[in-house]
Amino acid sequence: SLAGIMLLEVFLLLGTVIIYFLLSKKKEETLPFKEGWWGKGQKPDTEEDTTIWPFKVETTEEELSDLFRRLDQARFTEPLENSCFHYGTNSVYLRKVVSYWKNQFNWKKQVEVLNKYPQFKTKIQGIDIHFVHIKPPRLPEGQSAKPLLMVHGWPGSFYEFYKIIPLLTDPASHGLSDEHVFEVICPSIPGYGFSEAPHKKDFNSVSAASIFYELMLRLGFNEFYAQGGDWGWLICTNLAQIAPNHMKGLHLNLASVTNMGFVHLLSVLLGRYLPGLFGFQDEDVKRMFPFLKKGLYRILLESGYAHIQATKPDTVGCGLNDSPVGLAAYILEKFSTWTDTEFRDLEDGGLERKFNLDDLLTNIMIYWVSGCIVSSMRFYKENLQKGIGTQKHERLTVQVPTGIASFPHEVMHTPQAWAQKKYTNIVSFHFMPRGGHFAALEEPELLAEDILQFVGKVEKEQLWRKK
Amino acid sequence: ESILSQIRSFEYSQKNAVLVSVAALGVGGMLVYWLRSRDKIKTIEMGDGWWGSGERPLKGKEDESIRPFKIETSDKEIEDLHRRLEQARYAPQLEGAAFHYGFNSSYLQKVVAYWRNQFDWRKQVKVLNKYPHFQTTIEGIDIHFIHVKPSYIPHGRAVQPLLMVHGWPGSFYEFYKIIPLLTEPARHGLNEGDTVFEVICPSIPGYGFSEAPHQKGFDTIATARIFHKLMNRLGFKEYYLQGGDWGSRITMNMAQMLPQSVKGLHLNLVFVSRQGLRRMISVMLGAYVPWLVGLTREDVRRTYPFIQKNIYELLRESGYLHIQATKPDTAGCGLNDSPVGLAAYILEKFSTWTDKSFLHKDDGGLESKYSLDELLTNVMIYWVTSSIVSSMRFYKENISKDPGLTADARVGVYVPTGIAAFPQELVHTPRVWAKEIFKNIITYSYMPRGGHFAAFEEPKLLAQDIMHFVRKVEQL
C-alpha cells in the first residue's frame with residue numbers, strides 16, 4: 001500500500017541519517033604512543049643510553065674541495081625559450097646561484113652561524129636525535145621560560161628557525177612584549193639533517209611525534225607548547241593527540257584537512273555563492289576561489305614531487321645525493337613556488353626577493369653534508385603510501401588549544417570552517433597579511449607575534465587546565 | 001461499398017504509415033551515414049612548426065640534405081664518466097626494502113662497479129655504429145635516425161618500409177635485436193611469409209642524438225608530422241609503423257594525420273582514454289559477466305582486480321610521470337649531472353615495467369631479462385647526449401592539456417591496426433575498449449610473456465607478431 005511504502009521510505013531515510021551521524025561522530029580517543037626501534041639490526045637487550053651530549057656542526061677541507069669539484073663539473077641544460085620557472089628551476093638562474101656558491105658563499109662561516117645556538121644529541125628508540133636548545137638570555141622578574149618545541153618540514157631544517165628564535169627567547173630586545181618568554185627546542189626529524197635516519201621501514205609522523213614526546217620528557221618538560229608547519233604541522237598535531245595532557249597549546253602555520261567528505265565537496269561547489277552557509281569568510285573566498293585554478297589545478301601542478309617521493313624515494317633521491325647542483329635545483333624550486341606561486345612567471349623565481357642566498361644555501365648544505373636527502377624523502381612514503389585520509393590518526397580530533405596563522409601564499413588555503421572540524425579548540429585563527437609556506441624563515445616577526453598572542457590567550461584563560 | 005471504402009481508407013492509412021516509417025528510416029539512415037562519414041573523413045591537421053632557436057628564418061629553404069652520422073666518444077668523455085662513478089655517494093637502503101622504495105642502493109653499487117670496471121663504452125659505440133646512422137634538419141632541428149636495409153632480398157619478395165618509434169626511457173637502441181629479425185627473417189628462423197622490411201628508427205627530438213626543440217609546445221603531433229616529413233624525404237609514400245610507449249602515441253597520431261600514407265599500424269601499447277560512463281559500467285559488469293561487455297577470459301585475468309591493477313598500481317608507478325609532466329627541468333637537473341642517479345632512475349623502469357613482481361627482488365630482477373651491457377648502453381645514450389631533461393619535457397608538452405580536448409582524442413584510427421598485448425605491460429587494454437578508437441583492428445594477440453620494453457626483451461615474439469599482422473594486411 002502507498003502508506004506502507006511511504007513509511008518504509010521514512011524509515012530508510014531516518015536510518016541513513018542516524019547511521020551517517022553515528023559514523024561521522026569524530027572520536028575523542030587519544031592516539032597511542034608508538035613504540036619502535038629504528039637502529040641497525042636487532043634491538044639490543046641492554047637499556048637504552050639516555051645521556052644527552054653536546055654537538056657541534058663541523059666541516060673539513062676535504063668536504064669543501066669535494067663540493068667545489070662537483071660544482072665545477074656541473075652539467076646544465078638550457079631552458080626552453082620564455083619558460084621562466086614553469087618547467088621547474090630555470091638553469092640560467094641556477095648557474096648564477098652555483099657561481100655564488102663557489103665564489104662567495106662561505107661554508108665555514110655558515111657553520112659558525114649554525115653553531116651559535118647550543119646543539120645536542122641523544123639516543124631515542126635506537127637512533128641519535130639532534131636538536132637545538134636555546135634558553136632565554138635574561139628573564140623578567142618572577143617569570144619562568146615556557147618550553148616551546150618547534151618542528152620543521154621538507155625541504156627545510158632546524159635552520160629555518162634561526163631568525164625567529166631570538167624573537168621568542170628575547171622578545172624585549174626585538175621590540176616585542178616580554179609577557180611570555182620561551183626556551184626553544186628545535187629537533188631535526190629523524191632522517192633529516194643531523195638526526196640519524198631510521199634503518200627500519202614504517203617510520204611515520206606518529207613515530208616522530210612519539211620520539212619528540214620522549215625528548216621533551218627527557219629534557220624534563222612536563223608541559224610545553226608546540227609549533228609547526230609542513231611535516232612539523234602533522235608531527236605536532238600527532239603529538240597533541242598522543243599527549244594532550246602535556247601540551248599546553250598547539251600553534252600551526254599550516255592546517256591541512258585530509259579527511260575530506262561530502263560536505264567539503266559541496267562547499268567547494270557552492271561556497272563561492274553561499275559562503276555564509278559553509279562558514280566561509282570573505283578572505284577565505286578570496287583565497288580559495290576560483291577553486292579549479294587555486295585548488296585542484298594548483299595541487300596537481302605542484303604535487304609531482306610528493307607523488308614520486310611517496311612511491312620511489314630511493315630512486316628520485318639517488319642523483320640528488322650525488323649532485324649538489326641537482327639537489328639545489330630541487331630544493332630551491334620549492335622555496336620559490338611555495339613562497340608565491342606567481343614567482344613561476346619570473347626568470348629568477350623571485351628567490352632573492354624574500355630570502356638571501358646564504359640562508360638558502362645553508363639549508364641546502366645541511367642536506368648535502370649529512371647526505372640525508374633520500375631518508376628525508378622516505379618520510380613521504382611512510383606517511384602517504386596508503387593514500388591521503390586513510391590513517392587512523394587522520395580521523396581523530398585535537399582538543400588541545402590551537403592557534404592557526406594562515407599565510408596568504410600557502411599552496412592551498414584551509415578555511416577555519418574546515419579546520420575546526422579537526423581542531424575542536426581553536427583559540428585564535430588569523431589571516432596573515434603576507435608570507436608563504438616557509439613562514440618562520442620568510443616572515444619571522446609576523447609568525448612570532450602570532451605565537452605570542454596565541455600563548456597570551458592560552459595562559460590568560462588558563463585554557464590548558466580546562467580539559 | 002462502405003465496406004470497400006473502409007478497406008480502401010484502411011489500406012491508405014496503412015500505406016501512409018508504411019511510407020512515413022520508410023521515409024523516416026531513410027532519412028535517419030542517411031543522417032547516420034552522413035554523421036559517420038563525417039567521422040571517417042576527419043583527420044588531424046598537419047600544421048607546421050619551427051623548433052630551432054630564435055626566430056624562424058624568413059628567407060631561404062631548409063637544408064634538406066641527409067647526412068651520414070657516426071657516434072663518437074673521446075678519452076675525455078670516458079675519464080669524466082669514470083671520475084663521477086668513482087665519487088658517487090650512496091644512501092644506505094632500509095632493511096628489507098628490496099625495490100619497494102625505488103632502486104636498491106646496494107645493488108646499484110654493484111651495477112656501478114661493473115660500469116666502472118668492465119663496461120667498455122668504446123666497444124659499445126662500435127656496436128651502435130654497426131647500423132648506418134644519419135641526420136637531417138626538419139623544422140629547424142636535426143633529426144637523427146638509423147636506416148637499415150636488408151643485405152639481400154630473396155627473389156620475388158617485396159621490401160616494406162617500417163618506421164619504428166621508441167619511448168621513454170628508451171631509445172633507438174631498443175630495436176637493435178629486433179632489426180635483424182625484420183630485415184633478414186629467414187636467417188633467424190622466421191620464415192613468416194613474403195615480407196622483408198627496411199627499418200627506419202628515428203630518435204624523438206629531445207632524445208639521444210636528435211636535437212632538442214628550443215621552443216615550447218613540442219608534442220606527439222609535432223613529432224608525428226616531423227616523422228612523416230622524414231619518410232617523405234627518404235622517398236617513401238606508403239609505409240608501416242610500429243610503436244610502444246611514446247612511440248605508440250606518435251605512430252597513432254601519424255595514422256590519424258595522414259592515413260593514406262600508413263599501410264598498417266602495429267602497437268605493443270595502446271593509449272585509450274579511460275573516461276566515460278559507458279567504460280565504468282563495462283568495468284563494473286566485466287567483473288561478473290565479462291562476455292556481456294566483450295571481455296575475454298584473458299582480458300579479465302589481466303584487468304581485474306580493477307582497483308588494484310588499474311588504480312592502485314598505476315598510482316604507485318606514476319610518480320615519475322607526475323613530476324616530469326609538471327617540473328621536468330627540476331627532475332632532470334641532478335640526473336644530468338650524476339650518471340649514477342641517471343642509471344638508478346632509468347633502470348628502475350627497466351625493472352618494474354618488465355615484471356611487476358621484480359619489486360620484491362633485491363636486485364630488481366634486471367639481469368634475468370637483460371644484460372648489463374645493453375642496459376648501460378641505453379643509459380649512456382642519455383648521458384653522452386645530455387638529453388634527460390629534454391626527454392622529460394616531452395611529458396609536460398603532452399600531458400598538461402586536458403586529455404579530452406586534444407585533437408587526437410576525437411579522431412578515430414582507420415588504418416589497419418595490429419595490437420600485441422604483452423602480459424606484464426603496465427596497463428592492459430582489451431580489444432573491445434581499443435575498438436573505440438581503432439576502428440580497423442586486423443590482429444589482436446595475447447602475447448605469452450614480456451612486459452613494456454617488448455622489442456628489447458622479447459624481440460622474436462614481437463617480430464613474429466609484426467610479420468603475422470603485415471601478412472594479413474597485404475592479403476586484404
Side-chain angles (χ1 to χ4, degrees), chain A residues 40-41 66 69-70 73-83 85-91 94 197-201 300-330 333 371-375 378 381 385 387, chain B residues 53-54 80 83-84 87-97 99-105 108 212-216 312 315-345 348 386-390 393 396 400:
Chain A
K40 244 191 205 165
D66 171 84
R69 194 175 61 240
R70 290 171 196 257
Q73 72 183 22
R75 304 186 343 160
F76 298 90
T77 306
E78 289 313 302
L80 290 177
E81 294 180 13
N82 301 316
S83 53
F85 260 62
H86 288 285
Y87 284 69
T89 302
N90 184 299
S91 66
L94 184 64
H199 298 261
K200 309 268 189 292
K201 294 185 273 189
L300 280 175
L301 260 177
E302 297 304 326
S303 57
Y305 80 101
H307 191 167
I308 198 173
Q309 287 169 208
T311 51
K312 313 283 182 191
D314 284 30
T315 298
V316 61
C318 180
L320 304 182
N321 199 39
D322 198 35
S323 161
V325 171
L327 180 69
Y330 203 93
E333 185 219 282
C372 71
I373 186 67
V374 172
S375 49
R378 285 180 189 147
K381 183 167 174 12
Q385 64 186 327
Chain B
S53 45
D80 172 84
R83 195 176 58 240
R84 290 172 197 257
Q87 72 182 27
R89 298 181 357 151
Y90 303 90
Q93 86 261 18
L94 287 179
E95 294 172 15
F99 259 62
H100 291 287
Y101 283 70
F103 205 101
N104 182 299
S105 69
L108 182 63
H214 299 258
Q215 310 294 338
K216 293 185 275 189
Y312 177 66
L315 275 176
R316 190 188 66 204
E317 297 305 326
S318 55
Y320 81 99
L321 191 142
H322 193 166
I323 198 174
Q324 287 168 208
T326 51
K327 313 282 182 189
D329 285 29
T330 297
C333 181
L335 305 182
N336 198 42
D337 198 33
S338 161
V340 171
L342 181 68
Y345 201 92
E348 184 221 280
S386 280
S387 56
I388 187 66
V389 171
S390 46
R393 284 179 188 150
K396 183 167 169 31
S400 310

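Letters A, B, ... are given to chains in the order of the sequence lines, protein chains preceding strands, and every chain is numbered from 1.
Residue contact with chain B, scored on non-hydrogen atoms closer than 4.5 Å, involves the side chain of A/Lys381 exclusively. Neither the backbone nor the side chain of A/Ser375 comes within less than 4.5 Å of any heavy atom in chain B. For A/Glu333, the part lying under 4.5 angstrom from a heavy atom of chain B is the side chain only. No part of A/Asn90 comes within reach of chain B, as not one of its non-hydrogen atoms sits under 4.5 angstrom from that chain. Contacts of A/Ile373 with chain B are absent, with no heavy-atom separation under 4.5 Å from either backbone or side chain. Heavy atoms closer than 4.5 Å to chain B are found in both the backbone and the side chain of A/Leu301.
Proximity of a side-chain donor or acceptor of A/Asp322 to a complementary backbone N or O of B/Arg89 within less than 3.5 Å is detected. A donor-acceptor contact shorter than 3.5 Å is absent between the side chain of A/Thr89 and the backbone of B/Thr330.
Here the OG-CG distance, from B/Ser105 to A/Asn321, works out to 10.0 Å after rounding to the nearest 0.5 Å. Atom CG of B/Leu108 is separated from atom SG of A/Cys318 by 5.0 Å, given to the nearest 0.5 angstrom. Between atom OG1 of residue A/Thr315 and atom CZ of residue B/Phe103 there is a gap of 8.0 Å, rounded to the nearest 0.5 Å. Here the OG atom belonging to A/Ser303 is positioned 3.5 Å from the NE2 atom belonging to B/His322, to the nearest 0.5 angstrom. The CD atom of A/Glu81 lies 4.0 Å from the CD atom of B/Gln215; values are rounded to the nearest 0.5 Å. Rounded to the nearest 0.5 angstrom, A/Glu78 CD and B/Ser390 OG are separated by 11.5 Å.
With chain B as partner, the option from A/Lys200, A/Glu302, A/Gln309 having the largest number of non-hydrogen pairs under 4.5 angstrom is A/Lys200.
Within the 4.5 Å cutoff, the side chain of A/Gln73 has heavy atoms near those of the B/Gln87 side chain. Between A/Gln385 and B/His100 the shortest side-chain heavy-atom distance does not fall below 4.5 Å. Within the 4.5 Å cutoff, the side chain of B/Leu315 has heavy atoms near those of the A/His307 side chain. Taking the side chain as every heavy atom from C-beta outward, A/His86 and B/Thr326 never approach each other to under 4.5 Å. Between B/Gln93 and A/Asp314, some side-chain heavy-atom pair lies under the 4.5 Å cut-off. Looking only at side-chain heavy atoms (C-beta outward), A/Val325 and B/Cys333 come within less than 4.5 Å of each other. A 4.5 Å side-chain heavy-atom check between A/Phe76 and B/Val389 finds every atom pair outside the cut-off.
In this structure, A/Lys312 is not positioned above the aromatic face of B/Tyr320 in the sense of NZ or CZ being under 6.0 Å from the six-membered ring centre and within 45° of the axis.
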